[in-house]
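Have a look at the structure below before the remarks.
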Amino acid sequence: MTIAFLTITEDIHLTVSDFRVRFAPSPTGHLHLGGARTALFNFLFARHHKGTFILRIEDTDRERSTQDSIQAIFDGLEWLSIDWDEGPFFQSKRLGMYQNTADRLLAEGKAYRCFCSPEDLELRRQEAVAKGQPPKYDGRCRTRTDNPGSPFVIRFKNPDTPEIVVSDLIRGNMRFNGNLLDDWVIIRSDGFPTYNFAVVVDDIDMKITHVIRGDDHINNTPRQITLFDALGAPLPRFAHIPMIHGADRAKLSKRHGATSVMAYRDMGYLPEALVNYIARLGWSHKDQEIFSRQELIDYFDLDKVGSSPAIFNPEKLLWLNAQYIRNAPSQDLAERVKFFLKPVNNPIDYIPPDTRPDLPRIVEEWKSRSRTLLELADAIHPFLDQEFTFSPEVLSKQLTQDNIPLLQAFLDQFEHTAEWNKPSLEHIFHQTGTRFELKLSQLAQPLRAALTGQHISPGIYDVLLLLGSRESIRRIKRAILIAGGQT
RNA sequence: GGUCCCAUCGUCUAGUGGCCCAGGACGCUGGCCUCUCACGCCGGAAACACGGGUUCGAAACCCGUUGGGACCA
């Protein structure tokens with residue numbers, strides 16, 4: 001007890017840092033690969049530095065935010081085992097804070113009410129464009145003293161800074177011309193905050209020290225920086241991570257096929273494999289390709305994150321998944337694959353227990369031959385289904401009249417052997433091979449076909465041992481009947 | 001169109017001025033292993049976008065060009 005107590009205190013004392021990061025998705029669709037990677041990098045950074053990882057749902061866009069999307073984010077993060085320390089916080093429940101902050105800026109003369117109608121704004125914007133000027137708000141209401149009583153927005157009085165430097169942990173310094181920014185809206189006429197405003201208010205309130213986000217937000221950063229300044233808050237460190245692109249080099253989106261994290265679960269990917277894959281997209285640690293969760297946490301840091309966009313490569317993900325499947329404990333895989341043996345064709349529960357094959361043992365034989373859980377389930381199926389179907393190729397090439405004597409010979413010997421182990425089976429094969437003057441391959445293929453309905457399978461002895469003597473005999477009899485029935 | 005970002009094999013990347021006529025991985029490919037198919041093992045093809053500088057020396061630093069991307073409009 002004493003030792004445990006000491007260990008814990010020491011641990012906290014020595015290693016907990018003040019680093020605070022957040023993942024702040026907008027709930028407007030499924031959790032996609034890019035979002036998942038942003039979440040993962042924040043998570044790994046927090047865990048590596050013993051900091052705090054916060055989940056914040058940016059749901060102030062009332063048209064596009066949905067409850068389903070919020071759930072999708074939770075589901076995706078849970079499946080990937082990306083867990084957070086604080087939150088989830090919902091921006092929609094923090095409207096008072098945004099309003100208060102805006103009021104404060106108003107009182108300090110750093111913001112003002114703007115009564116310009118959308119129609120006027122659009123007109124003036126078009127005029128500016130026609131004159132070849134940048135279409136920015138002209139600051140008309142800055143000095144306004146009357147109050148027309150019509151709807152208004154609150155605008156931030158953009159400070160006159162010629163140059164804004166964004167110091168980025170990944171890209172170094174990025175310089176922006178401050179004169180290009182205008183007096184942007186912070187509170188809409190319906191009282192809702194705009195994106196950039198809510199982000200800054202929350203990042204200050206949550207004491208975020210490192211803003212790790214997609215580089216599609218780079219252009220938002222100068223505005224946010226001026227707001228941090230106006231609010232007298234210290235600047236967080238920024239780290240803009242590159243986007244994930246599709247094969248056409250454009251930002252990954254629906255048209256690139258499966259981009260939802262959950263789609264990969266449904267396709268039979270292991271969450272560990274997907275995490276490993278997206279971690280290696282834009283980040284590396286020497287030549288290592290496969291990382292355990294702990295290695296990811298130990299090795300991850302921002303200085304090893306690259307600055308160029310990465311193209312999503314499904315082939316490599318598939319290979320990684322195969323690696324994870326091959327190296328997973330068979331007992332564990334057997335549990336996971338059950339999800340893919342759909343009830344409608346899942347025979348595992350109605351095969352009598354005494355003849356039911358041992359699922360982990362079947363998985364053991366198949367896991368080096370399967371790249372996804374879906375493939376594994378398909379491969380396993382004939383072993384569980386006593387009435388499995390024969391592939392057309394097997395029917396035409398193996399279950400022929402010519403092969404009946406061979407199958408019959410195997411059947412006779414199997415029925416009369418007391419031993420059912422590899423040496424005894426090898427003995428039978430040897431004898432049969434001699435008698436028919438056939439090589440092992442010529443012996444195995446017809447038998448494989450009879451036993452599994454397929455022309456590929458694990459080693460023939462393994463198949464026989466897996467099925468057991470009774471089921472093997474039953475299957476050979478069935479195959480002989482079918483072969484005999486063919487002309 | 002404006003602003004900003006990016007640039008090593010097809011793809012993910014190693015590389016922080018000499019260890020690089022560039023290393024690893026996926027994919028492709030030749031072979032070995034072998035009862036089929038995988039796994040595994042051995043080998044191969046395949047890249048520093050281009051042009052200028054800086055330097056004794058540049059994949060690496062600077063400038064430009066080209067190409068790609070993101071955001072805003």
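Computed from heavy atoms alone, side chains included, the values below leave out hydrogens, waters and symmetry copies. First the proteins, then the strands, lettered A, B, ... as listed; each starts at 1.
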I need the CH2-P distance between W319(A) and G24(B), as an integer number of Å.
14 Å

Grab the CZ-C1' distance between F176(A) and A70(B) for me, whole Å please.
11 Å

Within the structure shown, what part of the strands sits under 4.0 Å from S368(A) by heavy-atom distance: base, sugar-phosphate, or nothing?
base

Without decimals, in angstroms, what is the distance between L252(A) CG and G69(B) C1'?
14 Å

Hey, is the side chain of Q288(A) pairing donor to acceptor with the base of G24(B) inside 3.5 Å?
no

Counting C-beta onward and ignoring hydrogens, is there a side-chain heavy-atom pair between F340(A) and D378(A) closer than 4.5 Å?
no

Write down the distance between CD (Q323(A)) and C1' (A38(B)), rounded to a whole number of angstrom.
13 Å

Between A38(B) and G24(B), how far apart are the C1' atoms? Round to whole Å, please.
24 Å

Can you tell me if CZ on R237(A) sees more than 12 non-hydrogen neighbours from other groups inside 6.0 Å?
no

Sorted by position of nearest nucleotide on RNA chain B, 5' first, the leading residue of Y461(A) and G306(A) is G306(A)

If pairing requires Watson-Crick or G-U wobble contacts with both distances under 3.5 Å, which nucleotide is the partner of G40(B)?
C32(B)

C1' atom, C28(B) versus C12(B): distance in rounded Å?
16 Å

Nearest-nucleotide comparison on RNA chain B, the residue closer to the 5′ end among I456(A) and R223(A):
I456(A)

What is the separation between atom CD1 on I170(A) and atom P on G69(B), rounded to the nearest whole Å?
21 Å

As a test of reading the structure: which of C35(B), U3(B), C6(B) is closest to the side chain of P309(A), going by heavy atoms?
C6(B)

Using whole Å, report how far CG of D182(A) lies from P of U3(B).
16 Å

Within the distance-only criterion (no hydrogens, no angle test), does the side chain of T400(A) pair as donor or acceptor with the backbone N or O of K397(A) below 3.5 angstrom?
no

For A45(B), the Watson-Crick or wobble counterpart (both distances under 3.5 Å):
none

Is there a donor on the side chain of R175(A) or the base of C4(B) sitting less than 3.5 Å from an acceptor on the other?
no

R371(A) side chain reached by Y269(A) side chain, heavy atoms, under 4.5 Å
no

Does CZ belonging to R64(A) count more than 12 external heavy atoms closer than 6.0 Å?
no

Hey, does the side chain of K251(A) come within less than 4.0 Å of C71(B)'s phosphate (OP1/OP2), counting only N and O?
yes

Return the pairing partner of G1(B) with a 3.5 Å limit on both distances, Watson-Crick or G-U wobble; otherwise return none.
C72(B)

Distance-only, no hydrogens or angles: does the N42(A) side chain make a donor-acceptor pair with backbone N or O of T38(A) under 3.5 Å?
yes

Looking at residues 155-168 of chain A, who's got a heavy atom less than 4.0 Å off RNA chain B?
none

Looking at S284(A), I'd like to know whether one of its side-chain N or O atoms comes within less than 4.0 Å of OP1 or OP2 on A14(B).
yes

Using atom P of each nucleotide, how far apart are G68(B) and U8(B) to the nearest Å?
15 Å

I want to check one thing: is the phosphate of U11(B), taken as OP1 and OP2, less than 4.0 Å away from some side-chain N or O of R249(A)?
yes

For E315(A), answer base if it contacts any base atom (sugar-phosphate contacts may also be present), sugar-phosphate if it contacts only those atoms, and nothing otherwise; contact means non-hydrogen atoms under 4.0 Å.
sugar-phosphate

Heavy-atom check, side chain of I212(A) versus side chain of L302(A), under 4.5 Å
yes

So if I take every side-chain heavy atom of M174(A) and compare against C5(B), A70(B), A7(B), which nucleotide ends up nearest?
C5(B)

Fit a plane to each ring of F300(A) and F41(A), take the angle between them on a 0 to 90° scale, and name the class: parallel (under 30°), tilted (30 to 60°) or perpendicular (over 60°).
tilted

Can you measure R171(A) atom CZ to C71(B) atom P for me and round it to whole angstrom units?
13 Å

State which of C5(B), U36(B), C12(B) makes the closest approach to the side chain of Q445(A).
U36(B)

Would the number of heavy atoms belonging to other residues, nucleotides or ligands and lying under 6.0 Å from CD of E437(A) be above 12?
no

If only side-chain N and O atoms of K397(A) are considered, is one of them under 4.0 Å from the OP1 or OP2 phosphate oxygen of U36(B)?
no

At less than 4.0 Å, is any side-chain N or O atom of S307(A) found next to OP1 or OP2 of A7(B)? Yes or no.
yes

When rounded to whole Å, the CG to C1' distance for the pair N313(A) and G27(B) reads 7 Å

